[in-house]
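Reviewing the structure listed below.
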Amino acid sequence: MKQDSTRNTAYTVGCEDYVHVVEFNPFDSGDACSLIAYGGNDYVVVGTCRFQEEDAEVECVQYKTLRTFHHGIRVDAIAWSPETRLDALPPQIRFCTAASDRKLRLFTSDLQDKNEFKTFDGHTDYINDLVFAPKEGQEVASVSDDHTCRVWDLEGNEKAHFVLRSPGMSVCWHPEEAFKLMVAEKNGTIRFYDLITQQAILSLECEQSPLMSADWCLKNTLKIGAVAGSEWLIWDIARSSYPQDKRPVHVDRARLFRWSRVNENLFATTGYPGKTTTQLLVHHLGHPQPILTGTAAVGSGLTWHRTLPLCAVGGDHKIFFWVTEM
């Protein structure tokens, strides 16, 4: 829970397992604390965080584990459901995971006696990303190396199935565009699908591959960002299907791209886990250079806080947090 200036990490929290993936809950759960989930080799841990930036009585960060869920296999991705509420009686925690056995698992818990999970079968290869429908949370979309994007109901029935031309790397569902799905493919194409007609309605081109990660800006629905090769790329979909801005950032290859949830000009990228450290870069579209550089020993995952300009990366029995300026 200490401040760590050597790697300019704002805070670190110790974890029970190697952290492969970490996700702040992007939805309001009705509590002053932020929910965070991290996935390791065997478990998903759900906890709450409160930071000194939002509460003067907190020194650095206050972290508390709410529940550890046995997963039995490495966790590769986590998505939060908007139905998660800490202010309900009883509270409800709901999230979905993707694992290396090509299955999705839906977990629902009241943090007491009720702990349910369902398995969704169908993907025939590695699942790279998943997301809940952001309004009602009654569906989950997932993308896979099997060249499909699939939409599931909460019983695990497949409601839609989009055939892709290469592995699906990222899938985004924007709360202001509830009937569209954004799917990013490894070959450098990003497509938008209409969920009513189940047709592709728009595509964007990187003009390079491999595209590893893409994100739809929460604060501006016209902005899309991605990393491909060693570059980050930004599109304004009202203007062109080609990137409006791009820049080489990571020496070898870039791995993840995530927009801040509080500022449409702020985003973070990570490099590939190298032999020793992973580089995190925070960028602002008004600045030619990254505004923050961080390193994490063997880091993985990348997530932004719902209301603060603060992002987190997982590591070896740790989560690293960085705070940046707006």
Side-chain angles (χ1 to χ4, degrees), residues 20-21 23 39-41 44 71-81 95-107 117-134 137-174 179-206 208-216 224 226-229 253-258 272-273 300-302:
H20 291 289
V21 58
E23 291 291 341
N41 291 319
V44 177
H71 196 260
I73 190 166
R74 192 185 74 205
V75 184
D76 291 325
I78 299 172
W80 282 96
S81 163
F95 60 90
C96 194
T97 64
S100 48
D101 61 358
R102 310 187 291 274
K103 292 175 170 47
L104 299 175
R105 289 170 175 79
L106 174 70
F107 289 82
F117 92 92
K118 287 195 183 78
T119 306
F120 300 2
D121 290 304
H123 280 298
T124 57
D125 207 337
Y126 195 81
I127 301 163
N128 292 307
D129 196 16
L130 74 165
V131 65
F132 272 85
Q138 295 306 299
E139 291 173 312
V140 176
S142 56
V143 287
S144 162
D145 281 354
D146 67 11
H147 294 207
T148 67
C149 169
R150 299 171 195 237
V151 180
W152 317 78
D153 68 16
L154 300 190
E155 297 301 316
N157 304 305
E158 211 175 277
K159 307 305 275 182
H161 182 118
F162 302 107
V163 177
L164 313 177
R165 291 171 200 177
S166 69
M169 301 305 290
S170 295
V171 59
C172 298
W173 210 329
H174 200 290
F179 299 107
K180 288 181 195 153
L181 211 51
M182 186 203 92
V183 176
E185 294 190 40
K186 199 168 192 173
N187 66 8
T189 302
I190 299 172
R191 276 195 192 80
F192 292 82
Y193 292 92
D194 182 317
L195 289 168
I196 308 293
T197 62
Q198 300 198 3
Q199 299 294 313
I201 46 177
L202 175 74
S203 70
L204 308 175
E205 293 301 334
C206 274
Q208 59 176 299
S209 64
L211 180 155
M212 296 308 292
S213 171
D215 196 20
W216 195 345
I224 308 296
V227 286
R253 275 193 299 166
R255 174 67 190 94
L256 294 170
F257 181 108
R258 295 283 186 272
Y272 254 80
S300 48
L302 172 62

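Residues Glu205 and Thr189 form a side-chain contact, since some pair of their non-hydrogen atoms from C-beta on lies under 4.5 Å apart. Looking at heavy atoms from C-beta onward, Tyr193 lies out of side-chain contact with Val171 at the 4.5 angstrom threshold. Considering only heavy atoms from C-beta on, Gln138 comes within 4.5 Å of Leu154 through its side chain. For the pair Ile127/Leu104, a side-chain contact is recorded, criterion being any heavy-atom separation below 4.5 Å from C-beta on. Looking at heavy atoms from C-beta onward, Trp173 lies in side-chain contact with Leu195 at the 4.5 angstrom threshold. Using a 4.5 Å heavy-atom cutoff, the side chains of Ile201 and Lys180 are in contact. At a threshold of 4.5 Å between non-hydrogen side-chain atoms, the residues Arg74 and Asn41 count as touching.
Atom-to-atom distance recorded for Leu302:CG and Ser213:OG is 8.0 Å, nearest 0.5 angstrom. The distance from the CD atom of Glu139 to the CG atom of Asp153 is 7.5 Å, given to the nearest 0.5 Å. Rounding to the nearest 0.5 Å places SG of Cys172 at 4.5 Å from CG of Asp215. Rounded to the nearest 0.5 angstrom, Phe107 CZ and Ser81 OG are separated by 14.0 Å. Expressed to the nearest 0.5 Å, how far CH2 of Trp216 lies from CG of Leu181 amounts to 8.0 Å. Expressed to the nearest 0.5 Å, how far OG of Ser300 lies from CG of Leu256 amounts to 9.0 Å.
Here the side chain of Ser203 pairs no donor or acceptor atom with the backbone of Ile190 at under 3.5 angstrom. Side-chain atoms of Arg150 come within 3.5 Å of backbone N or O of Gly122 as a donor-acceptor pair.
Shortest non-hydrogen contact noted between Trp152 and Ser142 is NE1-OG, 2.9 Å. Closest heavy-atom contact between Phe192 and Leu204: CE1-CD1, 4.0 Å. For the pair Gln198 and Lys159, the tightest heavy-atom approach, listed with the atom from each and the gap, is NE2-O, 3.5 Å. The nearest pair of heavy atoms linking Ala214 to Ser170 is N-OG, 3.0 Å. For the pair Ala254 and Met212, the tightest heavy-atom approach, listed with the atom from each and the gap, is O-CG, 3.6 Å. Here the closest non-hydrogen pair linking Ala184 and Leu211 is CB-CD2, 3.7 Å.
Of the residues Leu130, Val183, Thr148, the one that meets the side chain to side chain contact (heavy atoms under 4.5 Å, CB included) test with Val143 is Val183.
At a threshold of 4.0 Å, the pair Glu185-Arg191 counts as salt-bridged, since one of the basic side-chain nitrogens sits closer than that to a carboxylate oxygen.
For His174, there are no side chain to side chain donor-acceptor pair (under 3.5 Å) partners, not counting sequence neighbours.
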CA sep, side-chain torsions, deciding dist, call: Phe179, Thr197, side chain to side chain contact (heavy atoms under 4.5 Å, CB included): CA-CA 10 Å; Phe179 299 107; Thr197 62; over 6 Å; no
Report, one line per pair, each donor and acceptor closer than 3.5 Å where one atom sits in a side chain of residues 95-102; sequence neighbours left out.
unit_1 : atom_1 : unit_2 : atom_2 : d
Thr97  : OG1    : His71  : NE2    : 2.8
Asp101 : OD1    : Lys103 : N      : 3.2
Asp101 : OD1    : Arg105 : NH1    : 3.3
Asp101 : OD2    : Arg105 : NH1    : 3.4
Asp101 : OD2    : Arg105 : NH2    : 2.6

